[in-house]
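Please read the structure below before turning to the comments.
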Amino acid sequence: MKVLGLETSCDETGVALYDTERGLLAHRLFSQVELHAEYGGVVPELASRDHVRKTLPLINELLAETGLAKKDLDAIAYTAGPGLAGALMVGSCIGSALGYGLGIPAIGVHHMEGHLLAPMLEDEPPEFPFVALLVSGGHTQLVQVEAIGEYTLLGESLDDAAGEAFDKAAKMMDLDYPGGPRIAALAEKGDVTRFKFPRPMTDRPGLDFSFSGLKTFTLNTVAKYAEADGLPDDQTCADIACAFQEAVVDTLVIKCRRAIEQTGFKTLVIAGGVSANTRLREKLETELAKRGARVFYARHEFCTDNGAMIAFAGAQRLLAGQQDPMGIKVKPRWPLDTLGGL
């Protein structure tokens, strides 16, 4: 079964072709980072318009690369939510229209389920059951995963997601959007011993997260060391970035360790944009190895939003016999644990 995947939930247009017998055939991605950078974050209307411009040309490029035609497709999978309503509508409209025109099924996929299953595209995929840390600009969640669709929420952020906190901390130091990679790059030049930032909600039991207090602590530190231009000197900014990253990473690692101990599982999957953070990967691997557990994650290009994860997730549900009625289906808010199993 050849499944075309469409990802348009936010500021990246992703398309991919997944064959259930041969694996991932090809994928294309167009990032809108430059479009939104001057605004310091995603502008929903601009994102939607750019998806309209880019999705069909990317599909045509994809088909040309694989030597296939639209008539060779067996199904369409598109991101139905969660995400920006207008951006989701673009993918849903195109996916549903293609399905209707070609007489093939079109299925709406949960964006975070796509991220959660992205490591399955690797040569050595994780096996069920496992704990998943879904960590991105919009989500920070720990999920107990028994099988595809069998998800139990263990903990989540009560305010800012980790990726959102990275973006806001970067803005405090006048770093470009997106903030996560900018903070990580600057942190490499920092002195990890100079500042000690709090590890929020790690001094109490539970698996929930909160990053708003850490954000405020960062803002106060920047203000304390600010010079005439309103910013600390370059080295101090690097030291603050390093301290901030260490605080976020340590908080995530502590919660992941607790989740592994609570469930008794020996496998952790990390997915979402922040899972590309090298420091997070290093610390998780070191910490969980002490407990005989392993960490799995997708390659860097599949950590951020992409069509491959949507094509794969849609293919699994289609193989299980699931189909959506023809029509436009979007769910800007869509709790992961409301999904049914296969």
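Note that these values count all heavy atoms, side chains included, but never hydrogens, waters or copies made by symmetry.
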Any idea which heavy atoms bring [X] and [Y] closest together, and the distance?
{"X": "Phe209", "Y": "Lys255", "answer": "CE2-CG, 3.3 Å"}
{"X": "Cys237", "Y": "Leu186", "answer": "O-CD2, 3.7 Å"}
{"X": "Met1", "Y": "Leu318", "answer": "SD-CB, 3.9 Å"}
{"X": "Pro200", "Y": "Pro198", "answer": "CD-O, 3.2 Å"}
{"X": "Cys256", "Y": "Leu284", "answer": "CB-CD2, 3.8 Å"}
{"X": "Arg333", "Y": "Pro82", "answer": "CA-CB, 4.4 Å"}

Approximate separation, where rounding is to 0.5 Å, of [X] [atom1] and [Y] [atom2]:
{"X": "Ile104", "Y": "Lys2", "atom1": "CD1", "atom2": "NZ", "answer": "11.5 Å"}
{"X": "Leu134", "Y": "His115", "atom1": "CG", "atom2": "NE2", "answer": "8.5 Å"}
{"X": "Ile328", "Y": "Ser96", "atom1": "CD1", "atom2": "OG", "answer": "4.0 Å"}
{"X": "Asp208", "Y": "Thr140", "atom1": "CG", "atom2": "OG1", "answer": "11.0 Å"}
{"X": "Leu73", "Y": "Leu98", "atom1": "CG", "atom2": "CG", "answer": "8.0 Å"}
{"X": "Lys171", "Y": "Thr218", "atom1": "NZ", "atom2": "OG1", "answer": "15.5 Å"}

Might you confirm whether atom [atom1] of [X] has over 12 heavy atoms from other residues, nucleotides or ligands at distances under 6.0 Å?
{"X": "Phe128", "atom1": "CZ", "result": "yes"}
{"X": "Met89", "atom1": "CE", "result": "no"}
{"X": "Lys329", "atom1": "NZ", "result": "yes"}
{"X": "Arg49", "atom1": "CZ", "result": "no"}
{"X": "Asp234", "atom1": "CG", "result": "no"}
{"X": "Glu227", "atom1": "CD", "result": "yes"}

Do [X] and [Y] land in one hydrophobic cluster if side-chain heavy atoms of ILVMFWY residues count as linked below 4.5 Å?
{"X": "Val15", "Y": "Val109", "result": "no"}
{"X": "Leu117", "Y": "Ile270", "result": "no"}
{"X": "Ile260", "Y": "Val295", "result": "yes"}
{"X": "Leu46", "Y": "Leu84", "result": "no"}
{"X": "Leu116", "Y": "Leu207", "result": "no"}

State whether the side chain of [X] and the backbone N or O of [Y] hold a donor-acceptor pair below 3.5 Å, judged by distance alone.
{"X": "Asp324", "Y": "Gly108", "result": "yes"}
{"X": "Asn306", "Y": "Thr304", "result": "yes"}
{"X": "Glu122", "Y": "Ala298", "result": "no"}
{"X": "Thr8", "Y": "Gly91", "result": "yes"}
{"X": "Asp305", "Y": "Gly14", "result": "no"}
{"X": "His300", "Y": "Ala276", "result": "yes"}
{"X": "Ser48", "Y": "Pro44", "result": "yes"}
{"X": "Asp167", "Y": "Gly179", "result": "yes"}
{"X": "Asp72", "Y": "Leu68", "result": "no"}
{"X": "Asn220", "Y": "Phe217", "result": "no"}

Requested in this report: Apply the salt bridge (charged side-chain N to carboxylate O under 4.0 Å, His left out) test between Asp250 and each candidate in Arg279, Arg257, Arg199, Lys196; give the one that qualifies.
Outcome: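 Of the listed options, the one satisfying the test is Arg199.
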May I ask you to check whether [X] and [Y] show a side-chain donor-acceptor distance below 3.5 Å?
{"X": "Gln144", "Y": "Glu146", "value": "yes"}
{"X": "Thr79", "Y": "Glu7", "value": "yes"}
{"X": "Thr13", "Y": "His51", "value": "yes"}
{"X": "Gln235", "Y": "Asp191", "value": "no"}
{"X": "Asp160", "Y": "Ser212", "value": "no"}
{"X": "Gln141", "Y": "Tyr151", "value": "no"}
{"X": "Tyr177", "Y": "Asp11", "value": "yes"}
{"X": "Thr236", "Y": "Asp239", "value": "no"}

Requested in this report: Output, in order, the C-alpha distance, side-chain angles, deciding distance and verdict of side-chain contact (heavy atoms from CB on, under 4.5 Å) for Phe244 and Phe166.
Outcome: CA-CA 8 Å; Phe244 173 83; Phe166 266 104; 3.6 Å; yes
Query raised in the report: What do the steps show when you test Leu342 against Gln322 for side-chain contact (heavy atoms from CB on, under 4.5 Å), and what is the final call?
Result: CA-CA 8 Å; Leu342 301 186; Gln322 295 187 11; 3.6 Å; yes
Query raised in the report: With a 4.5 Å heavy-atom cut-off, do His110 and Leu336 have their side chains touching?
Result: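 Yes, at least one pair of side-chain atoms sits under 4.5 Å.
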Query raised in the report: Below 4.5 Å, heavy atoms only, C-beta onward: do Leu24 and Phe302 meet side chain to side chain?
Result: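 Of all side-chain heavy-atom pairs linking Phe302 with Leu24, at least one is under 4.5 Å.
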Report task. State whether Glu246 and Lys283 are salt-bridged, where the test is any N-O pair (Lys NZ or Arg NE/NH1/NH2 against Asp/Glu carboxylate O) under 4.0 Å. Result ->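 A salt bridge is present here (some side-chain N lies under 4.0 Å from a carboxylate O).
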Query raised in the report: Does a side-chain N-to-carboxylate-O contact under 4.0 Å join Glu261 and Arg258?
Result: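 Looking at Arg258 together with Glu261, the answer is no, because their closest N to O distance does not fall below 4.0 Å.
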Query - Stepwise side-chain contact (heavy atoms from CB on, under 4.5 Å) check, Leu133 with Ser275 - result: CA-CA 9 Å; Leu133 171 65; Ser275 71; over 6 Å; no
**Report entry** Geometric cation-pi criterion, Arg294 with Phe265: 6.0 Å, 45°
**Finding:**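 Output no; distance or angle outside limits.
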